[in-house]
Structure formats: structure tokens, C-alpha cells
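Residue numbers count from 1 along this sequence. These values consider heavy atoms only, across backbone and side chains, with no hydrogens, waters or symmetry-generated copies.
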Amino acid sequence: MPKRTDRTARRQEILDAAVRVFARKGFATSRIEDVAAAAGIAKGTVYLYFDSREALLAAAFEDYAARSAALLTDLGVGPPLERLARLVRGAAEMLAAHPDHARVLLDVWASAPIRTQSATSPLDMARVYSDVRQAVTGLLREAEAQGVLRPGVDERHAAVIVGAIEGCLLQWLVDPRLPLTELADTIADVCVAGVRA
């Protein structure tokens with residue numbers, strides 16, 4: 001059993017190093033040797049866990065997608081608009097805690113046309129965004145059923161709420177002086193106040 005724990009920890013160390021390298025150098029110019037150096041291991045050790053840069057990228061995206069999914073399933077109980085505010089705050093805090101993941105995704109998106117990013121690609125962000133929009137839409141429908149939602153709010157508002165979070169993330173990546181974690185409450189306030197009856 002200890003070997004499995006060591007192997008799992010080593011795999012995570014390599015993955016964390018890969019995300020740092022991809023974020024710093026860009027995915028296209030990063031090499032397995034760079035990842036190995038950042039992890040403090042031999043190049044061959046990386047290949048024991050990941051057979052290519054693409055496999056590292058896929059694993060990094062899976063890690064990001066898993067965090068996103070966990071956020072959506074761990075909103076707790078309470079009124080739907082309170083859970084919506086928790087979702088918005090949690091998303092901003094998660095993104096702020098893992099900026100290198102966001103940098104890597106932005107780099108890869110910018111270097112490859114969307115039309116080449118198929119549903120089977122490791123970067124199926126369309127699926128992640130769809131999951132988040134569905135979760136927000138579900139909360140909005142619950143709020144509507146309770147009579148606390150203003151008329152005319154629907155799934156389009158879910159897309160705008162997701163866009164508010166992502167827009168602040170993009171601003172923060174471009175200008176780190178912007179306090180993303182401090183903005184989490186403000187984003188939640190604006191998004192919830194905008195739909196509340």
C-alpha cells in the first residue's frame with residue numbers, strides 16, 4: 001500500500017510541475033525535459049507516469065474539470081439564491097487558488113482554433129461551461145418556483161453569470177493587481193441582485 005501512495009504523490013508532483021511549466025513557457029514550447037527539471041526528477045521518470053506532453057495536458061484539464069465538478073456538487077443547503085452566491089464565490093476562489101491552470105487553458109485556447117477542439121479533446125471546455133450553466137439554471141429555476149426571481153430570468157442569465165466570473169478571471173490574469181478573491185463577494189452580489197425579484 002505505501003508504494004501506491006508514493007506513486008500517487010509522485011504523479012501529482014509531476015502534474016503540478018507540468019502545469020507550472022506550461023503556464024510559464026506556454027504549452028507549445030514546453031518539453032518533457034522542462035517538466036522533469038521543474039519536478040526535480042529524471043526525464044524517464046515523467047514517462048513512467050505520462051507518455052507525452054498531451055497526456056500531461058489532458059491530466060491537467062481533468063484536474064481542473066474535477067475541481068469544477070466538486071464545486072457544483074458541494075453547494076450545501078439553503079435558499080437557491082444563497083447557493084448561487086456560494087457557487088459564484090467558490091468559482092472565483094477556486095480560480096484564484098489555481099491561476100496556472102487558467103493560464104494553461106488560456107494559452108491552449110489562444111493557440112488552437114475552437115473548431116479543432118473537438119468534444120473528444122482533453123480541453124472540452126464547452127462541457128465544463130455547459131455543466132456550470134446547467135447548475136446555475138437549476139438554481140434560477142428553484143428561485144423562480146419560490147417566487148424570489150424577477151420575471152424574464154432564464155438560461156441566458158446563467159451564461160451572463162458565468163461570463164461575469166470568467167471576465168474577472170481574465171482581467172486578473174492580465175492585471176494581477178486586480179484582487180480576484182476580494183471581488184468574489186462583489187461578483188456574487190451583482191449576479192444575485194441582478195436576478196432577485
Residue pair R83 / L87, side-chain heavy-atom distance below 4.5 Å: no
Quick note, side chain to side chain donor-acceptor pair (under 3.5 Å) partners involving residues 182-197, not counting sequence neighbours, are R89-D185
When rounded to the nearest 0.5 Å, the distance separating OH of Y129 from CD of Q134 is 15.5 Å
Go through it in stages, so that I can follow the logic: the residues are V35 and R31, the test is side-chain contact (heavy atoms from CB on, under 4.5 Å), and I'd like the CA-CA distance, side-chain angles, deciding distance and then a yes or no. CA-CA 7 Å; V35 174; R31 301 169 305 146; over 6 Å; no
Step by step, would you call T29 with D34 a side-chain contact (heavy atoms from CB on, under 4.5 Å)? CA-CA 10 Å; T29 59; D34 301 323; over 6 Å; no
Determine whether a donor-acceptor pair (N or O, by modelled atom type, separation under 3.5 Å) exists between the side chain of T137 and the backbone of R133. yes
If you measure from CD1 on I14 to CG on L48, what distance do you get to the nearest 0.5 Å? 7.5 Å
Determine whether L140 and H157 satisfy the following criterion, side-chain contact (heavy atoms from CB on, under 4.5 Å), listing intermediate values before the conclusion. CA-CA 9 Å; L140 294 176; H157 291 76; 4.3 Å; yes
When rounded to the nearest 0.5 Å, the distance separating CG of D154 from CZ of R141 is 8.5 Å
Could you grab the distance from atom CD of E33 to atom NZ of K43, nearest 0.5 Å is fine? 3.5 Å
Are R10 and Y49 in a cation-pi setup, meaning NZ or CZ lies under 6.0 angstrom from the ring centre and within 45 degrees of the ring axis? no
I32 to S52 - nearest heavy-atom pair and separation: CD1-C, 4.0 Å
Could you tell me if the side chain of R11 sits less than 4.5 Å from the side chain of F50, heavy atoms only? yes
Extract all donor-acceptor atom pairs below 3.5 Å that involve side chains of residues 68-80 and protein atoms in other chains or at least two apart in sequence.
{"unit_1": "T73", "atom_1": "OG1", "unit_2": "A69", "atom_2": "O", "d": "3.3"}
{"unit_1": "T73", "atom_1": "OG1", "unit_2": "A70", "atom_2": "O", "d": "3.2"}

Minimum-distance pair of heavy atoms, taken over all atoms of V104 and A23: CG2-N, 3.5 Å
Membership question, hydrophobic clusters at under 4.5 Å side-chain separation (ILVMFWY): are V190 and V192 in the same one? no
Give the intermediate values and the outcome of side-chain contact (heavy atoms from CB on, under 4.5 Å) for residues L81 and L139. CA-CA 7 Å; L81 293 182; L139 292 169; over 6 Å; no
Using modelled atom types and a 3.5 Å cut-off, is there a donor and acceptor pairing between side-chain atoms of H98 and backbone atoms of L95? no
State whether a side-chain donor-acceptor pair under 3.5 Å links D175 with Q171. no
Gap between atom CG of L106 and atom CD of E166 - 0.5 Å precision: 10.0 Å
Linked, directly or transitively: L84 and V160 (ILVMFWY side chains, under 4.5 Å): no
Over all heavy atoms of both residues, which pair between G147 and A197 is shortest? Give the atoms and the distance, please. O-CB, 4.2 Å
Tell me whether D16 is salt-bridged to R20, with the criterion being a basic N under 4.0 Å from an acidic carboxylate O. no
So, D100 side chain and V19 main chain: donor-acceptor pair closer than 3.5 Å or not? no
Considering all heavy atoms, the nearest L178-C168 contact: CD2-O, 3.9 Å
If only atom types and distance count, is the side chain of R150 paired as donor or acceptor with the main-chain N or O of G194 below 3.5 Å? yes
Result for side-chain contact (heavy atoms from CB on, under 4.5 Å) between F22 and one of L56, L105, D107 points to L56
Please tell me if the side chains of R103 and R24 come closer than 4.5 Å, counting only heavy atoms from C-beta onward. no
Minimum heavy-atom distance L180-A92, with the two atoms named: CD2-O, 3.9 Å
Minimum-distance pair of heavy atoms, taken over all atoms of L173 and P99: CD2-O, 4.1 Å
